[in-house]
Amino acid sequence: MTRGGQRGSPSENMPSLLLLVFLIQAWPVKPQADDKNIFILAGQSNMAGRGGVVNDTATGLTTWDGVVPPQCRPNPSILRLDAHLTWVEAREPLHADIDAKKTNGVGPGMAFANSVLDKNPGFGVIGLVPCAIGGTNISDWERGKELYNHMIKRAKASLRDGGTIRALLWYQGETDTVNLHDAQSYQRRVHKFFLDVRDDLQSPLLPIIQVALASGSGPYIEIVRQAQLGIDLLNLRTVDAHGLPLQPDGLHLSTPAQVHLGKKVANSFLQFVPSSNINHNISPIHNEAIRLYNCAFYVYMLPLFITLFAIMYPTFL
């Protein structure tokens, strides 16, 4: 109150009111969800997709039959990072401009993305980052080599406009069944590959979903399969493709098999997503970071708020 017993005028109290409004606005609120849920698709031909690819015996050329099942339909909420590092609406074949020296068809990526959105309509926009190259050995994906560097470059570029890399989807190993040494060293090599990817993407708990082989180019399929099924790594899940229908070449998954595989990979990924996080499109790692941020805010700002309130309180009397 003033000396005459009158309360201060509104203009006299205005600075204190403005300061109070500032403090209220500065209080932490629930952050908005990221723009995109990003998935890296890497490996060799069965990840790139050969569903519907047929060999013309007359010409010796391979062609894609162009059949896109409903489960692989385009969706405005499913994007693809193209070869020029631009986000475009995803459609089959996902790897057409990535595994460009081969004929690409239907892979598991679109079926995966559509299945995630069908099961969780509020999940948000999905961004697929195709990186698979047919006929590659696990040694071709070693840290520092061309395929590895290209994948990491594309993964980092996918984050430029916002988003979170939610998982690595990995299907590779058919070529490693040809040589006994490659088959026997597969587990060690792929284990290191997974750790290197997490390290270079600065995501030590990045979920990884690998596919255990349905087929192979050589006689050591079972050695590689057991290596895949036996890997013990936190936040790694393995989806077994054994028994899925193959193309006439006996190596590549058919279109129906790719659809089935995509759904299985989606179910596996969704086990990483707590129900409380699905509607907010925020990963468990982000949730922990948000919690720590809010705790730090309270620790440092609450004493300041109390002090300023004590200073301001007499102006309201």
Side-chain angles (χ1 to χ4, degrees), residues 41-75 78-86 88-114 128-141 145-147 150-151 154 169-179 182-183 211-221 224 241-263 265:
L41 281 58
Q44 55 182 108
S45 55
N46 273 319
M47 176 58 81
R50 299 294 188 264
V53 173
V54 295
N55 184 33
D56 189 328
T57 55
T59 63
L61 300 176
T62 56
T63 58
W64 177 46
D65 61 16
V67 176
V68 178
Q71 300 90 336
C72 301
R73 65 192 182 281
N75 184 322
I78 304 175
L79 305 179
R80 178 182 76 92
L81 193 71
D82 69 12
H84 303 291
L85 305 181
T86 301
V88 298
E89 184 171 330
R91 60 184 63 247
E92 299 286 8
L94 281 178
H95 282 75
D97 59 349
I98 302 299
D99 193 14
K101 295 181 180 180
K102 308 288 179 61
T103 302
N104 293 272
V106 174
M110 288 299 292
F112 162 81
N114 274 308
L128 302 175
V129 183
C131 300
I133 300 294
T136 52
N137 187 285
I138 186 61
S139 62
D140 297 321
W141 291 90
K145 291 190 175 180
E146 181 181 1
L147 292 183
H150 185 245
M151 176 188 65
R154 286 178 55 75
L169 311 184
W170 174 255
Y171 190 174
Q172 188 277 333
E174 291 91 344
T175 304
D176 295 89
T177 66
V178 175
N179 179 279
D182 288 342
V211 180
L213 296 183
S215 59
S217 303
Y220 303 111
I221 298 173
V224 175
H242 180 70
L244 291 179
L246 301 174
Q247 298 273 77
D249 62 10
L251 179 63
H252 297 111
L253 297 184
S254 67
T255 295
Q258 290 284 18
V259 170
H260 186 70
L261 178 62
K263 291 180 177 181
V265 174

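Please read all numbers here as calculations on a predicted model, not as lab measurements. Nothing fancy with the numbering, it's 1 onward along the sequence.
Within the 4.5 Å cutoff, side-chain heavy atoms of L251 are placed close to those of E174. Using a 4.5 Å cut-off on side-chain heavy atoms (C-beta onward), I78 and N114 make contact. Between E146 and I133 there is no side-chain heavy-atom pair separated by less than 4.5 Å. Residues L261 and L253 are in side-chain contact: their nearest non-hydrogen atoms beyond the backbone lie under 4.5 Å apart. Annotation: side chain of V211 is not in contact with side chain of W170 (no heavy-atom distance under 4.5 Å). For the pair S215/L213, no side-chain contact is recorded, criterion being any heavy-atom separation below 4.5 Å from C-beta on. Between C72 and V259, the closest side-chain pair of non-hydrogen atoms falls below 4.5 Å. Within the 4.5 Å cutoff, the side chain of P248 has no heavy atoms near those of the V54 side chain.
In this structure, the side chain of D82 does not engage the main chain of D97 through any donor-acceptor pair within 3.5 Å. In this structure, the side chain of T255 engages the main chain of G52 through a donor-acceptor pair within 3.5 Å. Using modelled atom types, one side-chain atom of Q44 and one backbone atom of G173 make a donor-acceptor pair closer than 3.5 Å. With hydrogens and angles disregarded, a donor-acceptor distance shorter than 3.5 Å links the side chain of T177 to the backbone of G218. Between the side chain of W64 and the main chain of G51, a donor-acceptor pair closer than 3.5 Å is present. In this structure a side-chain-to-backbone donor-acceptor pair under 3.5 Å is missing from Q71 to F112. Looking only at distances, a side-chain donor or acceptor of N104 sits under 3.5 Å from a matching main-chain atom of K102. Under a 3.5 Å cut-off, the side chain of R154 and the backbone N or O of L81 do form a donor-acceptor pair. A donor-acceptor contact shorter than 3.5 Å links the side chain of D176 to the backbone of I138. Checking side-chain atoms of R80 against main-chain N and O of P130 turns up no donor-acceptor pair under 3.5 Å.
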Item to check | Worked check of side-chain contact (heavy atoms from CB on, under 4.5 Å) between D56 and T63 | outcome: CA-CA 7 Å; D56 189 328; T63 58; 5.6 Å; no

Item to check | Derivation of the side-chain contact (heavy atoms from CB on, under 4.5 Å) call for L246 and S254 | outcome: CA-CA 5 Å; L246 301 174; S254 67; over 6 Å; no

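The structure places CD of E92 at 8.5 Å from CD of Q258, a figure rounded to the nearest 0.5 Å. Taken from NE2 in H150 to CD1 in I98, the straight-line distance is 5.5 Å, to the nearest 0.5 Å. Here L79 contributes atom CG and L128 contributes atom CG; the two are 8.0 Å apart, rounded to the nearest 0.5 Å. Interatomic distance, CG of D249 versus CG of N55, reported as 9.0 Å (0.5 Å rounding).
Closest of all the heavy-atom pairs between A214 and A241 is CB-O, 3.2 Å. Residues A183 and Y220 approach most closely at CB-CB, 3.7 Å, considering heavy atoms. Between A257 and P245 the shortest heavy-atom distance is CB-O, 3.2 Å. When all heavy atoms of L41 and H95 are compared, the pair lying nearest together is O-NE2, 4.0 Å. In this structure, R50 and A48 approach most closely via the heavy-atom pair NH1-CB, 3.6 Å. Minimum heavy-atom separation, P69 to V106: CD-CG2, 4.3 Å.
A donor-acceptor contact under 3.5 angstrom links the side chains of N137 and D182, judged on distance only. A donor-acceptor contact closer than 3.5 angstrom is absent between the side chains of T136 and Q172. Side-chain contact check for S45 and H252: at least one donor-acceptor pair (N or O, by modelled atom type) lies under 3.5 Å.
Taking the side chain to side chain donor-acceptor pair (under 3.5 Å) definition, one finds that T103 meets it with T62, sequence neighbours left out.
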